[in-house]
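To start, the structure under review is shown below, and the notes come after it.
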Amino acid sequence: MKILVCISHVPDTTSKINFTEGDTKFDTNGVQFVINPNDEFGLTRAMWFKEKQGANVTVVNVGGAETEPTLRKALAIGADAAIRVNRAATDGFSVAKQLAQVVKDGGYDLVIAGRESIDYNGGMVPGMIAGLTNANFINNCIGLEIEGTTAKAIREIDGGKETLSTTLPLVIGGQKGLVEESDLKIPNMRGIMMARQKPLTILEPVEATAETTSVKFEKPAPKGAVKLIAPDNLDALVDLLHNEAKVI
Amino acid sequence: MESTEKDILRGGQFLVKETNCDDIFTPEDFTEEQQMMKEAVKEFVDRELWPNKARFETKDFAFTEACMRKAADLGFLSVAVPEAYGGLGMGFISTILVCDYISGATGSFSTAFGAHTGIGTLPITLYGTEEQKQKYVPKLASGEWFGSYCLTEPSAGSDANSGKTKAVLSADGKYYSITGQKMWISNAGFCSLMIVFARIEDDKNITGFIIEYDKNNPNGITLGEEEHKLGIRSSSTRQVFFNDTKVPVENMLSTRGNGFKIAMNALNVGRIKLAAACLDAQRRVISESVKYANERIQFNTPIASFGAIQQKIAEMATNCWVGETATYRASKNIEDRITIRQNNGKDTHQEAELKGVEEYAIECSILKVAVSEFTQKCTDEGIQIFGGMGFSEDTPMESAWRDARIARIYEGTNEINRMLSIGMLIKKAMKGHVDLLGPATAVANELTGIPSFDIPDHSTLFSEEKSIIANLKKLFLMVAGAALQKYGEEIEKHQQLMLAASDILIQIYLAESAILRAEKLAKKEGEDQVKEQIAMAKLNLFHAIDIIETAGKHSIISFSSGDEQRMMLMGLKRYIKYVNMPNIIELRNIIASKVIKENNYCF
C-alpha cells in the first residue's frame, strides 16, 4: 500500500499571531513552525500501517525551502520519502491542485490529509484532492483500518460517530482520534540521523490560479478586564449582560 | 581548507590569544539535525518529565528508571557511543546538546542520565579493551543495562586517590577480589554495571574495574539504604559494599594503577556535561518565573512591570545566555580537536576523544564552576520572584533550588575545580603549551612605561569591550605571573590566592565568549535585531569587571608589598577602566522587556 501524507507547515499553537502589510500577511518573524497537528495524527496512523502492514509512506508539502525542516521531522519520525512542491501555499485550491498532481503521478492508494490546517483553517484541501483525483473521500476521520482494497473508517458526526466502508483509492481528512495524543511519536535519535539519507524530492509546481485571495486579517479584540459583581447585586449583573455584553 | 590542530586554540590559550568572532561556535550554528535533536529532547522532557515533576520529589526511584528506559528507546543514551558498539557516534556538540536539554525538568533525571551516559559508560568507551567494549557498551547504549560509577568512599571524597577499597589477585591469577565501601553512588539502585576503583597491594594509584551487578546473584555486593538528600530526590543514591567480590582479571579497566587517570578524565568530560546540564534547568526557571511575574498582580499591576523584578529577570537571562555561550564554545573546540586528531590518523577515536577533552580540562573546570553557580543563583531568584509561593512545594521553584545545590558539589567541588583550573594552567605553562611568562613580562614592562593618554575611538560595536577584555587578560597575567615568580610551584599551597586567580580566569573566559557571540550575531542579523544579546554581553562584562577587581585586589595584596604592590594595584585600576561606562539599568531594561514581552526565556 502506498500512502501519501500531506503535511502542512504551521505556526506552533503557542505562537503570538501578528499581521503585516496592512493586515494582509501573517508575520512569521520569531514564529516557530511545526507539523500541523491534524496531519501529525494522520502521519502517526500512517506509521502504524507501515509497521503492521508494510505500507510505504511518503510525505508531501506545498511550500518554500523554509518548510523542509518540517518534512525532515516527518522523515525522522519514520516516513520513507518526502516531496516538496516548490510553491508558496497561497490558497486551498492551488495547494490541492499541486497535491492532486503528486497523487496522480505517484499512484497512491491512500492519501491522508489533516481535516484542516491550524493556521488558516481552510479545511478545503482534502476534499478538493479527492475531487481532482476522482477518489473516495471521508472527512473528520477518527478511525481508519484497511484490509486489501477495502477501508473501514469512522467519522465524527454531530453528537456521535458514523462507521463507513469504502474502497481505495481514498482520501481522508484526519483529526485527533485517528490516533491519540499519547501515540504521537517523538523522533528518535537514529531516526533523525537516518532522515538525512532519505530522499527529499523537490518538484516544480503545475499551473494553478489562486481562486481566493486574503484581503484582510483581524485579530479578536483583546480580552477586557474581568468585572466582579457582588452576589447580591443581580440587577447590575443583568444590566451588564444585557447592555454591555448584549448576550441576553 | 581543512583545519589542523595548530589552527584551533589549545586549552587555556584563550588567555594569551585573541579569538575572532567568526571562529567561535554558538547555538545559532546548530545544524538542522542538531536543531531537530534539540526539539526531540525538549518534547520528551515536556511530555514525560515536566508533567511528573512532583512525582520526582517523592523519591520514586522506579519512576526515574522507567523514564531512563523511555530515554533509551529514543536513543538519548547512545548519542555519544561509537557506532561500532551500538551507538550513534554523534559528535561532541550533539552530546552536549542532549545533556543540556534533558536537564529542563528535574535534577533527579539529569543526574541519573549523566551518571549513566557519562561516568557510567564513558570509562569503558574511552579505556576499555575491544572485548570489554563489545561486551558491555551495546547493553549500556540501548539501556538494557544501566551503569554507575563507584569512586567516592567515606574517607576519600575530593582526595579520590586515597580510597581504601582493595583488589587482591587470586592465587590462580584469574580474578581479583574486591573489598571495600563506596558511597554517594548514583543509579546504584537500578544499575547492572559498576565502574569500581580499588587499590592493588600498596600501589600509589588506584585501578579501575568493570563489575557486573545482578541483585539475584550479588557476588558479595550489598547496597546501603537510599540516602535522604536535600535535592535530586528521585536519583537513586546508595552506598555500595563489596565483600570479596570476584571480578575476572580481564575486567580490569586499562592498566594497573591507571584508575586515577581514568577517574580524572571521566570527570573532565563530566564537568562540561554538568555545565550543560545546568542550562535548560535555568531556561525553565526563567520562563516559569517570568510567566508568574506577568500574571501576579500586586498594587494593581503585574509584578513584571516593577524594576526590582525586571532586574532579576535580566540578570537571570544574562547568566543563562553567557553560560550557554561558553559551554558551546568549548564544546566545539573539543569536537574539532577530536576530529582533527582522528583524521590525521595518529589516534584511534578513543585516544582522540581522550586527548581532545583533556586538552580543554581548564575550560571544563571553568564551565563547571560558573554554570553551576549560575543555576544556583537563578533558582534562588526564581523563588524570590515567586515570593512566598516560591517557598512552597506547590510551585516548581522550591525543588529546582534544592536540585541545583548538588551541582556545586559533585564532579569535583567548585573549590577543587577553581584550584584545578589554575593548577592546570600553570602546568601547561611549564610544559610550554601556553606561554604565560612571556606575556606576563611584557605586561610588567608596559606597567612601568608611561600609559597612553590618547582617547581611543570606540565608536564601533564592542571596540571598547574588546579592549577591556584584552586588558583583563593582561591583568590576569600580571597577577599570575607575579604570584608564580614569588611562590613557584608552591603556589598550589596558597589556596585563597588560587581561588581568587581562578575567579579572574573564569570571568575572562565567560566575558570574552559572550562578546564574541553577540558580535557574531550582530554581524549576521544586524545590531538592531540582536540588541538584547548585545546588552547581555555588555552587562555580563560589567559584572565580570567588578568580580575581577575584587579578586585581583585580594590576590595582589596577599603576596606583594611596597612599590611592587602599589604598581600592581595601579595596573589593576588601569586594566579595568572604562572610557564609556555603560548604563547597566538601561541594559537590564532592554533584556528584561524582551523576556517579559515574550513571556519566556527567548534567546
Side-chain angles (χ1 to χ4, degrees), chain A residues 7 9 11-18 27-35 37 40 43-44 47 51 59 65-79 82 84 179-198 200 222-223 225-228, chain B residues 30-49 51 67 69-81 83 86-91 94-95 97-98 101-102 117 141-143 287 291 297 300-302 525 528-530 532 594 597-600 602-603:
Chain A
I7 299 279
H9 169 81
D12 184 40
T13 46
T14 57
S15 305
K16 287 212 171 106
I17 305 298
N18 288 305
D27 181 4
T28 57
N29 201 7
V31 171
Q32 193 172 1
F33 284 84
V34 294
I35 298 178
E40 198 174 351
L43 175 65
T44 310
M47 285 301 110
E51 279 160 30
V59 289
E66 72 283 358
T67 68
E68 284 185 12
T70 299
L71 282 176
R72 239 181 269 283
K73 182 178 176 189
L75 291 174
I77 286 172
R84 177 171 70 81
V179 298
E180 289 308 314
E181 257 158 26
S182 55
D183 299 323
L184 296 180
K185 288 178 188 294
I186 298 172
N188 71 35
M189 295 288 117
R190 195 170 292 281
I192 291 173
M193 275 183 83
M194 280 165 60
R196 218 179 357 189
Q197 288 143 20
K198 292 180 178 174
L200 194 163
K223 237 185 347 184
V226 173
K227 284 187 183 164
L228 293 174
Chain B
F30 283 158
T31 61
E32 187 187 310
E33 190 175 280
Q34 285 166 337
Q35 198 64 36
M36 220 190 301
M37 289 172 65
K38 171 181 143 182
E39 294 305 325
V41 179
K42 280 172 74 171
E43 218 176 317
F44 167 75
V45 172
D46 285 342
R47 264 167 63 173
E48 305 290 343
L49 306 184
C67 292
R69 297 219 181 275
K70 287 183 182 168
D73 289 344
L74 289 169
F76 299 154
L77 307 186
S78 61
V79 171
V81 173
E83 285 174 276
L88 298 169
M90 288 181 169
S94 299
T95 306
L97 181 156
V98 175
Y101 284 92
I102 216 143
T117 56
S142 67
S287 293
K291 283 190 182 97
I297 310 281
N300 297 320
T301 322
E525 314 267 339
D528 272 359
Q529 293 298 313
V530 296
E532 295 84 10
K594 172 87 172 174
K597 182 170 160 250
E598 296 294 327
N599 203 23
N600 236 329
C602 53
F603 303 114

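All values derive from a computational prediction rather than experimental measurement. Every chain is numbered from 1 and lettered A, B, ... according to where its sequence line falls, protein lines coming before strand lines.
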Which portion of B:Glu32 sits near chain A, non-hydrogen atoms under 4.5 angstrom
side chain
Side-chain H-bond candidate by donor/acceptor type, A:His9 with A:Thr67, under 3.5 Å:
no
Looking at A:Lys73 and B:Glu43, does any basic side-chain N land under 4.0 Å from a carboxylate oxygen?
yes
Leading residue by heavy atom contact count with chain B [cutoff under 4.5 Å; candidates A:Glu181, A:Gln32, A:Met193]:
A:Met193
Applying side-chain contact (heavy atoms from CB on, under 4.5 Å) between A:Leu184 and each of A:Leu43, A:Thr44, A:Ile35, report the one that passes.
A:Thr44
What I'd like to find out is whether the side chain of B:Leu77 reaches to under 4.5 Å of the side chain of B:Ser142, using heavy atoms alone.
no
Pick one of side chain, backbone, both or neither for A:Arg190, based on which atoms fall under 4.5 Å of a heavy atom in chain B.
both
Structural part of B:Glu39 lying under 4.5 Å from a heavy atom of chain A
side chain
Sequence neighbours excluded, the answer for side-chain hydrogen bond (donor to acceptor under 3.5 Å, both in side chains) partners of B:Ser287 is B:Asn600
With respect to chain B, which residue among A:Lys16, A:Arg72, A:Glu68, A:Lys185 yields the maximal number of heavy-atom pairs within a distance under 4.5 Å?
A:Arg72
